[in-house]
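Residues take their numbers from the sequence shown, with the count starting at 1. Just so you know, these numbers use all the heavy atoms, side chains as well, and skip hydrogens, waters and symmetry mates.
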Amino acid sequence: MDERLPQYLHGPVQILWFGSDEFILVMSTIFVAVIVGGLVGWTLIGALLLFIPWKRSKPRGFLSHLAWRWGLVAFRHYPGPTQTRFFE
């Protein structure tokens, strides 16, 4: 059984010219914009066009950690966002 590895293991996963988290954001925003339509749909597309360059100026994994900070996701074996004291 042959296994294929990417040329650069440390490189981020890309779909088209978007990173994996950007691709999910783009597809879900376009999906909602098509359903909603009208001025709200175009506003969502415009906000996406402003958000992508801003997000690319941030470090990799920024959206995951932002969602963790807001309490939307929990990382396994990772303290909560309100944890201020650590005991080893």
Visitor: How many angstroms lie between CD1 in Ile52 and CD in Glu22, if you round to the nearest 0.5 Å?
Guide: 4.5 Å
Visitor: Can Val34 be reached from Val26 by stepping across I, L, V, M, F, W or Y side chains whose heavy atoms are under 4.5 Å apart?
Guide: yes
Visitor: Considering residues, nucleotides and ligands other than Arg56, do more than 12 of their heavy atoms fall under 6.0 Å from its CZ?
Guide: yes
Visitor: Can you tell me how far apart CG (Leu48) and CD1 (Ile30) are? Round to the nearest 0.5 Å.
Guide: 6.5 Å
Visitor: If hydrophobic clusters are built from ILVMFWY residues whose side chains come within less than 4.5 Å, do Leu44 and Leu25 share one?
Guide: no
Visitor: Go through Phe51 and Thr29 one step at a time and tell me if the side chain to side chain contact (heavy atoms under 4.5 Å, CB included) criterion holds.
Guide: CA-CA 11 Å; Phe51 180 76; Thr29 302; over 6 Å; no
Visitor: Would you say Val32 ends up clustered with Ile24 if hydrophobic residues are merged whenever their side chains have heavy atoms under 4.5 Å apart, either directly or through other cluster members?
Guide: no
Visitor: What heavy-atom pair brings Ala33 and Gly41 nearest, and what distance separates the two atoms?
Guide: CB-O, 3.5 Å
Visitor: With a 6.0 Å cut-off on ring centres, are Trp54 and Phe62 close enough?
Guide: yes
Visitor: Nearest 0.5 Å, please: how far is CG in Leu50 from CD1 in Ile45?
Guide: 11.5 Å
Visitor: For Leu72 and Trp68, what are the C-alpha separation, side-chain angles and deciding distance, and is it a side chain to side chain contact (heavy atoms under 4.5 Å, CB included)?
Guide: CA-CA 6 Å; Leu72 300 175; Trp68 167 79; over 6 Å; no
